[in-house]
Amino acid sequence: MDKSGHPFLMPDRYARRHVVVTDWNGHDAVSRFLALAQDTAAPVDLFRLDDAIELCGDSQTLQMQRYDDIDVLIGAVITAVRAAGMGVRVYLVGHEAFAARVSASMEACGLSRREIQCQPCGIATLQLFCVHCRKISQGNGAQRKITCPGCNRRLEVRHHYSRRLGAYLAVSTDVDAACDAS
Amino acid sequence: MQANMLRVRICAIEQLTPDIKAFCMRAIDEKALAGFSAGSHVLVSMQHGERVMRNAYSLASSPLQLENYRIAVRIQPQSRGGSVFMHEKVRVGDSLEISPPSNLFPLDRTAMKHVLIAAGVGITPFMSYLPEIKAMGVGHELHYGYRSPRHAAFIDELRCHWGGGLHAYRGDLAQRIDPEKILDGQPLGTHVYVCGPRTLIEETIAVARGLGWPEGHVHWERFASPAPGAAFQAYCARSQREINVAAEVTLLEALEAAGIDVPNLCRGGVCGQCQTELVAGEADHRDSFLTDVDKHGKIMPCVSRARGARLVLNL
Amino acid sequence: MDALVRPQIKPPESFREGFSFSNSADAIARFPFPFPQDAYAYSVNLEPARSGLPGSVFEHWFDVDEHYLGELEERRLVLEADPGRCRVLPHMEAAEWDAVELIMTRYAQDYPHFFNLKRSGASWSWTNKVTGIQEDFIFGDASTLPCRPLEYIARQAQGDFNLIDQRDGDLFMDGGVITGPADWSLSFDLGMSFREWHRPVPVAHELGVFDRALKYLLNVQVGHPVRRLNWTMTVHPRLDTSPETYPAWAADRSTVTLQNAGNFVHLRVELQLIVRLPRSNALLFSIRTYLISLEDLCSNKAWANRLGKVLQTLPDGIADYKGLARYRGTVMAWLAAVTGQDDGKE
């Protein structure tokens, strides 16, 4: 496990194709994974969202594609997983908001949770679901309170995560502040 | 569990193949039968003299019509006699007791495609699948293997409703179901369902794993009726009762006949409901539920028996 | 022979600002007091939903009581302000119809003086004598109902409802009508697996409660529902204590005093019924909420004593989770005064 308790990504040894999707330009998570994936028989597709420096080796079974736009990236990933069909595994390495978006697209394509693994990286940019306006916004991992950009309410983050939404529950805290003060 | 039994009347019997008969049944009083989900089975109680046998049979009728239920029974002369009873003793107009339907083999409602693999009488649960699959509006294929056209139960009905989605494999032409060929290249979100002999199921599971299919996408139901064995004694330690288990009666049936109710569902050694603590005696484990560790000290009375003369159960 | 039709349904009471809700002596007597012992602990308190004593809340699968019209009106108001309290994922339509069939047939069977259902093939005719609704529709054809099937029947039933899909050895909350929750949100929990939606519950996970409960629920059979009781407390008889409306009710928790606790604080008990649905193989979770003011509860001395002891020994983590930490001390003092017991304070 890494420091925040997330299990390290392990390439599924039965997978027929590994599709890695990342917006992370740090070395460890992706290179570590790629090294492990070399032990499996399956080819690896790597999709990167960023313009960072190239990081990885010259494995013959590694195909890498880079994109600047997340929607175009997601479209390309969808094409790749559809072509691969049953037996594909998707590994998401990166910021939570990015991983949540890609994961939701993968599930919409028909992948089940067992076929998708996530390795959150970077400063925990918590995705928050405002239960009042039902919009998702980004919070800072360190803060438990934010102002919802959708409805301006002051929200407190609760310890409950929705995989479907890729976000934590956030509920208006205005009331509690008033009570605590009294 | 016996409280909810339904009384039904046999309204039609059809010889589908030399060894498979289909039985249609309606509720007594002409009421509608209970709704059920595709893949469900019912337990049919067969009273023969003093013996009551209960066998599980898949519902082979459409869940969209509840005027009658249909089951298909393959005669197995070497068995405890349930199928022989059905084939030889049951007539149109006879009444039987059946349990309400329960389902150990349901369709996955989030699947984007369903691939069905059946051999022989294993086709029966899939007869209820198609109407539900069609209602879901997703892709589907059926792969059906049988010995020869004479042995292809329901084949006309299947051709009519599945059309090009039906792939038939004739044993007499040495055509073999090849799970590798069937599963390779299936699109995302495909689920496979297999019903037939153990070898076909095990092969399909192994092939699916090798092709990288995740566990939740592979479903199976094995057609097993408990086989007979030697007679033995079962002592129920808590109620302090000695039970005779005759050769052609299952331990579960003997317990039930003695008024000892054990929770049960599949009566085929797969679901785990009837798990009972074994205090003493060596069991002849015939189930597909207990782990090797569990087998020391637990037994599934619906199918398993004694290796020696006596078992002591914590009942 | 009792010629009185039970329950005697009251005109609609209010479960929000204004709060005209009150319990009759009958309602108090049949209240499902949830504590079998003096100390509360998490357990797999699921049991077969065998029919209970006539007149009790356990007699029928779906209990109708004197608050029927009030709860229907409350649901109408919640859905009008927030239609997002009703959600059903696309693959759950068969389960929705199962729920319609189940609730209509049970209501008609158990309360024939209130409800009637005639079925001729797929042509159904439903009569709700309490509300005056008469509906002819085609079972299975959503276009023949004024709104989606689950919402349609939920608008005429007491309690919140969840549709739970069973697949891959797990349960998923894939639909529901939730207008009176004890601080949880359907729009957030939608699509979650069993352990996922129970994640916020303290303590119980480590005890293995949810592993055992899940196994038990996966095996629930048609015709053999199971039930359990859940409890918390609410200030004022407010049904809609959802995260969505948190600002409207959370402040009330700081307004409890020794003088008003008897009227303000309510014990809130959920009678949860879990039923296997035949055509979809899904589960229906029915959450039937009962409220009783402390004052009314204390008309039963045994209840008052026991509640005091439960609150005394309740671990802080559970009190926090149940949202009653703020006024727990005040309630204990109030109970002590009423029962003449030591309230646990030094």
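Chain A is the first sequence line, chain B the second, and so forth, proteins listed ahead of strands; every chain is numbered from 1. FYI, side chains are in, hydrogens and waters are out, and symmetry mates aren't considered; it's all heavy atoms of this structure.
For A:L169, the parts lying near chain C are the backbone and the side chain together; criterion is any non-hydrogen pair under 4.5 Å. Residue C:D170 does not touch chain A at all, counting heavy-atom pairs closer than 4.5 Å.
One distance of note links CG of C:D183 with CZ of A:R158; it measures 4.0 Å at 0.5 Å rounding. With values rounded to the nearest 0.5 angstrom, A:R164 atom CZ is found 13.0 Å from C:F172 atom CZ. One distance of note links CD of C:E244 with SG of A:C133; it measures 11.5 Å at 0.5 Å rounding.
Under the ring pair (Phe, Tyr, Trp, His ring centres under 6.0 Å) criterion, C:Y216 pairs with no residue at all, not counting sequence neighbours. A search for ring pair (Phe, Tyr, Trp, His ring centres under 6.0 Å) contacts involving C:Y152 returns nothing, not counting sequence neighbours.
Ion pairing between C:D82 and A:R134 holds under the 4.0 Å rule for side-chain N and carboxylate O.
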Test salt bridge (charged side-chain N to carboxylate O under 4.0 Å, His left out) applied to A:R114 and C:D168, step by step: CA-CA 10 Å; A:R114 290 179 193 268; C:D168 199 3; 2.8 Å; yes

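The minimum heavy-atom distance between C:S185 and A:V131, with the atom names listed, is OG-CG2, 3.4 Å.
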Using a 3.5 Å cut-off and no angle test, enumerate the donor-acceptor pairs between side-chain atoms of residues 74-81 of chain A and protein atoms at least two apart in sequence or in another chain.
from, atom 1, to, atom 2, distance (Å)
A:T79, OG1, A:G75, O, 3.0

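Of all residues in residues 186-199 of chain C, those placing a non-hydrogen atom less than 4.5 angstrom from a non-hydrogen atom of chain A are C:S187, C:F188, C:D189, C:L190, C:G191, C:M192, C:S193, C:E196, C:W197, C:R199.
A:H160 places no side-chain N or O within donor-acceptor distance of the main-chain N or O of C:P200, the cut-off being under 3.5 Å.
Contact annotation: the side chain of A:H132 approaches that of C:P247 to within less than 4.5 Å [non-hydrogen atoms, C-beta and beyond].
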